[in-house]
Structures are given as C-alpha cells and as structure tokens.
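Predicted model only: the values in this text are computed from it and were never measured. Only heavy atoms go into these numbers, but all of them, side chains included; no hydrogens, no water, no symmetry mates.
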Amino acid sequence: MEPNGRAPSRLAFVAIGSIAAAMLAAAVALGLRVTGNDAVVLPGGATYTEAVAGTWQRVNPLFVNANEVDADLSALVFSGLVRVSKDGKVIPDLAAEMPEVSDGGATYTFRIRANARWHDGEPVTSRDVAYTVRLLQDPDFDDAAMAEGWNGVTVETPDLSTVVIRLRQPSAPFLARSATVGILPEHLLGGKGAQALESDTFNARPVGSGPYRLESLEAGSATLVANTSYYLGRPGIDRIVLKFYPDEPQAIRAFTAGETDGIYLRGPRTPAQLDEVRGVGGKTFTAAARPMLALLYLNNSNSLFRDERVRQALSLALDRDRLVEEVFHGVGRATASPVVPGTWAYAEEFDAKAQDLSRARQLLQEAGWQPHPTTGILVREGQEFRFTIRTDNAPERVALANAVAKQLEALGIRATVASTTFSVLRRDFLQERKYEAAVVMWDQGPDPDLYFGWHSSQLGAAGLNLANFEDAVVDDLIARGRTSTDPEVRLDAYRQLQDVWQGIQPSLVLAAAGAVVVHPSWLRDAEPGVLFTSASRFTDVHRWRR
C-alpha cells in the first residue's frame, strides 16, 4: 500500500529504514563536453553541494520508487512529457505545450519540443516515449504502482514529434500521476525489456534529456554538470554534487562541519537535530510542505461516529497548531482540509482548522452526550464516550495519537492508544474495518483526486475508503474533479468538496507533514514548493542561480 506520485493515492508507512550495508559503487567519466554540442562547462563556475541520506542503486526513472536517491538523480538527468510545478499544476516539459485532449478526456496528443535533445546530442522522438511506455506495460516490470496508470493505455506515433496516448476512460489525474514519468532513450537501449534493464550498465551511466548530465557516480557522491543544450535554457548552476551518507544524523554532522552547502532531511527529526541544522550560519532553512496528510480515521459505521455533529465536535476540539509543534517540531502545517495546503486546488477559506471547544461541547450536547456528574466523562444512554485509537509502532504516529487523545480529554472523551506493526494494523484492523479510530499517514501525491480514499465505490475490504464513509454529494464532486479535463471545473469541484467536508468531517485531517531543505544564502530562486516527492525540490533546478 505504499504510495507514489504517479499512482492512485495509498496509505503510506513513513519510516526511516536502514541503509543497505553494501553501497553500490561505479565511476563514470563522461567528460566536460556534451556530445553533439560545442558548449563546454567551464571550470570555476558555481557549484552546489548537498548532503542526503542513502546512496544510489539504479539511476533510471523506471526504478525511482525503490530508492529516493535514485529519484533525486533521475529528476536531474531525465525529463517527462510534462512535469508538476511547485503548486501541483501540470506544465509542459518535453512536450512543447500542454496536450490536446479529445474523446471526452480519454485521448491526449503531445508534441515534443523541436529542440529537445538527449545528452549525447540525438533528438528526443515519439519512439522514445513509445518505448518507455512498452517498458511500463512489460509483464516483467515489477513496480505495480507505477505501471497501474498505464494499464490498458495505447500509444500511437504518427510522426517523430507526435505522441497520441489513449486511455481506457477519462482520467484527469493521468497527467500528474503518470505522464510525468521520465522518458528513456530508445536508440541507446536497443529495445531491451524491463527485466534486462534492471541490471543494465545504463543505470550507472544514464543518458537523459534533463537539465543535468551525470559526470561521475561513486559510492559516496554523484557529480552532475549543467546540460548546456537544455531545451528550457542552460541551468544557472554549473555543477550539482550530491554527497551520500548512511543516515540523516551522519548527513547532519557532515553539513554542520561544512562538508556541504546544503542538506535535505526527508525523515522524522528531533528538536536537537533541527536546532543543530538551524544553527549553521549563512543558510536558508525551509520547512517545505509535503502531500503527506496525518489523519485520524473515524469508522463511520461505529455508533460513536455516525452522527456528523460528533465528528464535527471532535475536529473543533483539536489544537492542530499545537500538534504540529509538539509532534512534528514545527516541520509541517496545521490543516483540516483533505486537499493539501499550498497546492492549486487548496482553498484556505474552507480549511476549518481553528479550535473551538465551546462549539464542540454544544454539538456534543445536541447529539445527546452529557458529562457524567461525577467522572466528567461524556455519557449517552448509559454509554461512556470511550474508544481506541489504533496506529503503527512508528514513534511519530504513536506520539500523534497520544496527543490527540490528550486533547480530547477536555471534552470528557476518553481515548486509549494501541500500536502494532503496520502490517498487522493494515491487515487486521484497517482492511477489515475492525477499528474505532486510527492515526495513519496518507500520501495524496501530486493530484487532488480523492477517489480512492473517499468515494463510496471504494467501500469494502478491497477498497481504500477506510472510514466506511458514503455521501452522494461527495461522490458527485469527486467524480466531477476526476473526469473533467477543464482546470476551472476541477477547481470548482474541489472548492465545493472542501466546503462540504468541513460540515460533515468524514474523518479528521490533523496536519500535513513536512521536510527540511537547507540551502546556502547565495543560492537564488531555489525555494521549494510542495514536495510531492523528495525529488520535487529539483522541479525548477534549471532556474537556480548564484
């Protein structure tokens, strides 16, 4: 159930795993000159170095979901037909303009830029796109989440610059979730299949069409040089060096010791670590937003939560700003909206995140709940308002569940926290809907489509509507936003959906998690937007400058 930016939203188990003991190593000497281009990257130009946790395995856009460092490098080396901007809007990349949409939203016609070139000087053509899609549809391709968006898709190449993609049915999220995949060079890979590509030397010596080309790749670092013939203009930073460390604490030590200009922290951080990073002078510290929403799922089929007044009251009882400060140490954003803050579809006026205990108590009284005169616990028809919050063993989620339980005590509600492994939580409680409440992280990805998490068609053990929530108005708004290719229609649907959500609160959105990006003060135009993936920090890397 691990999510990714190009597949339907899934439950995300966010944890910092151990780095493999055996770190792959390879050296690439591609030289300073880009083949087929007279421009030379001159020595002494601007260089940016960044500390990251992990190391590379396969620098190939087809395998980025297995390793975030590979995703970072692939974002610099490769390009997709389109890309996701800082606020989640889809913009042209290899495509000269946004695609022509026909057949009611089921057919997309892309035209590749005339000046798009591979790093070896060869032109990017429609044959490269068709070859990449064949790999994604190859039965031996083992990333089901990435392949899902290409199931049943047909690709036509009427000429070398035109690609016609036909979907089985209209899907507005296709552009952000699937059409952003990095394109591979058919002329170099010679029709190799997905299985052969897994161990191909190309993964250590990639040739892409992106803003940077790989100069050297070692166990401890990767050096990339600006693609001087990049179709969007030569990048303003001549070299980018990513330095690899076994884990984030070691990356932090290297950064604070001055070994790198910047650092990216993708995992949970302690206050001491954050203070250490903030204490380095001459840097810009950014707590960047992520589409990772912390949710308190409420099982709507449970008698405690069937009344929307109760769900509203629980939402009003929470101090989300305090949750972000206490649990996420300020690296995150308080929100009650199912649409990620900072994205194009988010409407702040419909984000009812403010605490209001007076109104919460009033709603609970209207729903029949009264405080017991002796214990103070809410009681209705002899039943006390008690329930269990399930979560996994990750310390951050356990802390969040306990913080929520503590805040609800002010209303006379008693919640107990029970944690287990994520696999047990998913299999025994969430999938079977055998829970009362649960704290889980949901990765919304780059598109605001809420179909998989909240549409009534996703009820049942096979679906991801874990809250057992069903509402005809919400279904209609989700369907409208999912099928329309008109941005204004989609925007209106999601604005209405956020408005309706605040009135019925199917479950409680607690916060959007964040990540830390630290750049040197001399680096300009590098402020990150929403980090839909870790690699999203390089969305506009060609615009960076000193």
Side-chain angles (χ1 to χ4, degrees), residues 26-52 55-56 59 61 69-79 83 86 93-94 113 115-122 124 182 204-245 251 254-255 258-264 280 282-284 286 517-529 534-546:
V28 182
L30 298 180
L32 289 176
R33 185 179 297 273
V34 179
T35 305
N37 178 17
D38 292 332
V40 175
V41 177
L42 298 175
T47 297
Y48 167 70
T49 60
E50 183 174 283
V52 297
T55 190
W56 69 280
V59 186
V69 173
D70 290 343
D72 293 343
L73 294 170
S74 292
L76 293 166
V77 173
F78 294 92
S79 306
R83 60 192 175 98
K86 292 181 179 182
D93 200 356
L94 281 171
R113 297 176 189 269
N115 63 340
R117 294 285 185 275
W118 294 105
H119 294 161
D120 63 5
E122 291 296 313
V124 179
R205 301 183 178 184
V207 175
S209 56
Y212 285 83
R213 62 181 179 83
L214 202 57
E215 183 180 64
S216 65
L217 186 60
E218 301 172 355
S221 67
T223 300
L224 304 103
V225 295
N227 175 6
T228 55
S229 60
Y230 184 50
Y231 49 82
L232 294 179
R234 173 183 169 144
I237 302 300
D238 290 341
R239 272 184 173 78
I240 291 179
V241 180
L242 299 186
K243 292 190 175 182
F244 309 136
Y245 298 90
F255 168 69
E259 293 181 16
T260 65
D261 299 313
I263 188 171
Y264 175 68
V280 179
K283 308 296 180 182
T284 301
T286 303
V517 180
V518 182
H519 290 144
S521 299
W522 57 258
L523 187 62
R524 304 173 64 183
D525 299 330
E527 183 176 350
S534 294
S536 295
R537 67 190 189 276
F538 299 122
T539 291
D540 286 335
V541 69
H542 62 287
R543 295 194 175 111
W544 294 8
R545 57 195 176 95
R546 184 163 190 139

Between CG of Leu232 and CG of Asp93, what distance do you get to the nearest 0.5 Å? 6.5 Å

Taking His119 for its side chain and Gly210 for its backbone only, find out whether a donor-acceptor pair lies under 3.5 Å. yes

Looking at side-chain heavy atoms only, is the closest gap between Phe244 and Val52 below 4.5 Å? yes

Closest approach of Tyr48 to Ile263 (non-hydrogen atoms, all atoms of both residues): OH-N, 4.3 Å

Using 0.5 Å steps for rounding, measure from the CZ atom of Arg117 to the CD atom of Glu122. 8.5 Å

Check this for me, if you would: do Asp120 and Arg213 make a salt bridge, where the nitrogen-to-carboxylate-oxygen distance has to be below 4.0 angstrom? no

At their closest point, which heavy atom of Ser74 faces which heavy atom of Pro61, and how far apart are they? OG-N, 3.7 Å

Please answer whether the main-chain N or O of Ala219 pairs with a side-chain N or O of Thr55 as donor and acceptor at a distance below 3.5 Å. yes

Closest non-hydrogen atom pair, Ala51 against Ala251: CB-O, 3.9 Å

Look at Asp525 together with Arg543 and state whether they make a salt bridge at an N to O cut-off of under 4.0 Å. no

Work out which heavy atom in Pro206 is nearest to a heavy atom in Phe78; give both atom names and the distance. CB-CZ, 3.7 Å

Trp56 side chain vs Ser221 backbone, donor-acceptor pair below 3.5 Å: no

CG of Leu224 to CG of Leu73, rounded to nearest 0.5 Å, is 6.0 Å

Can any side-chain N or O of Thr260 pair as donor or acceptor with the backbone N or O of Thr49 at less than 3.5 Å? no

Do His519 and Thr286 have side chains that get closer than 4.5 Å, going by heavy atoms? no

pair Ile240-Val541: side-chain heavy atoms closer than 4.5 Å: yes

Could you check whether any side-chain N or O of Asp238 sits under 3.5 Å from a backbone N or O of Thr47, counting only pairs where one atom can act as donor and the other as acceptor? no

Can you find a heavy atom in the side chain of Leu523 that is under 4.5 Å from one in the side chain of Ile237? yes

Looking only at side-chain N and O atoms, does Ser229 offer a donor or acceptor that is under 3.5 Å from a partner on Asn227? yes

Do you know which two heavy atoms are closest between Ala535 and Ala71, and how far apart they sit? CB-O, 3.5 Å

Do you know which two heavy atoms are closest between Phe538 and Leu242, and how far apart they sit? CZ-CD2, 4.2 Å

For the salt bridge (charged side-chain N to carboxylate O under 4.0 Å, His left out) test, which of Lys283, Arg537, Lys243, Arg239 pairs with Glu50? Arg537

Checking the side chain of Lys86 only, and the main-chain atoms of Asp540 only, is there a donor and an acceptor separated by less than 3.5 Å? no

